[in-house]
Number of protein chains: 2
Amino acid sequence: MAVSKKTEFTQEDIWLADVAKALSHPARIRILKILNNMSSCMVGNIVDQLPLAQATVSQHLKELKRVGLINGEIDGPKTCYCVNNKNLIKAKNALDKLYSKIGCC
Amino acid sequence: MAVSKKTEFTQEDIWLADVAKALSHPARIRILKILNNMSSCMVGNIVDQLPLAQATVSQHLKELKRVGLINGEIDGPKTCYCVNNKNLIKAKNALDKLYSKIGCC
DNA sequence: ATCGTTCATCGTAAATATACGATAGGTTAA
DNA sequence: TTAACCTATCGTATATTTACGATGAACGAT
């Protein structure tokens with residue numbers, strides 16, 4: 001794409017777009033829902049519920065972690081992930097600023 | 001990416017991911033904010049406020065329209081765009097389902 | 001120390017997204 | 001009709017994402 005122009009926008013717009021990018025794959029939406037419904041949050045459990053290879057799931061988890069939508073901590077040989085509610089709510093609130101005050105044309 | 005596995009998820013997860021994808025570029029976030037603050041919504045006005053070529057802006061508008069976040073209607077030689085509040089609110093509500101009931105691990 | 005388990009990272013191939021110039025299509029004005 | 005204008009689309013180059021097998025790193029148990 002030649003050269004990216006993403007840096008020429010405000011920090012807030014870049015941040016919100018980045019969070020949206022992390023949400024832009026059904027596997028990552030599914031992962032968030034799984035973490036929301038399980039007390040256990042081992043990677044293996046997540047892999048079992050997705051039609052994807054372990055390496056691919058790990059990549060998706062990394063992307064969600066990168067933008068702060070989930071937290072992960074090492075627990076012995078396993079890794080435990082969970083949703084970061086604070087940032088998810090922050091993203092939801094940011095969407096409020098996009099509502100049109102005016103009706104549709 | 002070899003073969004896409006996106007179809008192997010639920011319709012709702014695919015839909016929400018698709019809306020998030022439309023929001024995943026700062027230019028498109030900016031466009032929504034511009035539409036939210038202007039009574040006029042001609043493409044030319046939007047192009048003037050972005051560091052992008054007209055062809056690129058048109059592409060971004062097309063992507064927002066594809067998922068129903070904006071509506072566009074031809075008004076003489078110009079085209080008028082506006083935010084589709086209904087779908088934006090629908091997306092925001094869908095994010096509510098992703099909050100963790102459990103605290104962070 | 002060795003083995004099996006769990007997960008992250010590397011390397012790589014293919015699909016998709018981004019950006020722009022050029023051009024086409026449609027509208028109003030002269 | 002011609003000219004000028006506005007926007008969408010086409011063609012194309014490059015960047016990024018997606019997906020997987022293979023490998024590596026860390027841990028617990030034997």
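Because only heavy atoms are used, hydrogens play no part in the values below, and waters and symmetry mates are left out as well, while side chains stay in. Naming convention: chains lettered A, B, ... in sequence-line order (proteins, then strands); numbering from 1 in each chain.
With rounding to whole Å, B:R30 atom CZ is found 19 Å from C:dT18 atom C1'. When the P atom of C:dC7 is taken as reference, atom NZ of A:K65 falls 13 Å away, rounded to whole Å. Atom C1' of nucleotide D:dT7 and atom CE of B:M42 are separated by 11 Å, given to the nearest angstrom. For A:D75 and C:dC7, the CG to P distance is 10 Å, given to the nearest whole Å. Atom CD in A:E73 sits about 13 Å away from atom P in C:dA8, given to the nearest Å. The separation between B:K5 atom NZ and D:dT17 atom C1' is 15 Å, rounded to whole Å.
Contacts of residues 6-28 of chain A with DNA chain D (heavy atom under 4.0 Å): A:K21, A:H25, A:R28. Scanning residues 49-63 of chain B for heavy-atom distances under 4.0 Å to DNA chain C yields B:L52, B:A53, B:A55, B:T56, B:Q59, B:H60.
B:S24 places a side-chain N or O within donor-acceptor distance of the main-chain N or O of B:K21, the cut-off being under 3.5 Å. Formation of a donor-acceptor pair under 3.5 Å by the A:N85 side chain with backbone atoms of B:Y99 is not found in this model. Judged by distance alone, the side chain of B:D13 and the main-chain N or O of A:I29 form no donor-acceptor pair under 3.5 Å.
In this structure the side chain of A:L98 never reaches within 4.5 angstrom of the side chain of B:V83, judged on heavy atoms. In this structure, the side chains of B:C82 and B:L35 stay at 4.5 Å or more apart for every pair of heavy atoms. The shortest distance between side-chain heavy atoms of B:N45 and B:M38 falls below 4.5 Å.
Between B:H25 and A:F9, the ring planes lie perpendicular to each other; the angle is over 60°, past the 30° to 60° tilted range.
Positionally, the nearest nucleotide of DNA chain C for A:P77 lies more toward the 5' end than for the other of B:R66 and A:P77.
For B:K78, the NZ atom counts as loosely surrounded, since its 6.0 Å shell holds 12 or fewer non-hydrogen atoms of other residues, nucleotides or ligands. Residue-environment remark: CD1 (B:I89) exceeds the threshold of 12 foreign heavy atoms within 6.0 Å.
Distances shorter than 4.0 Å separate some side-chain N or O of A:Y81 from OP1 or OP2 on C:dA8.
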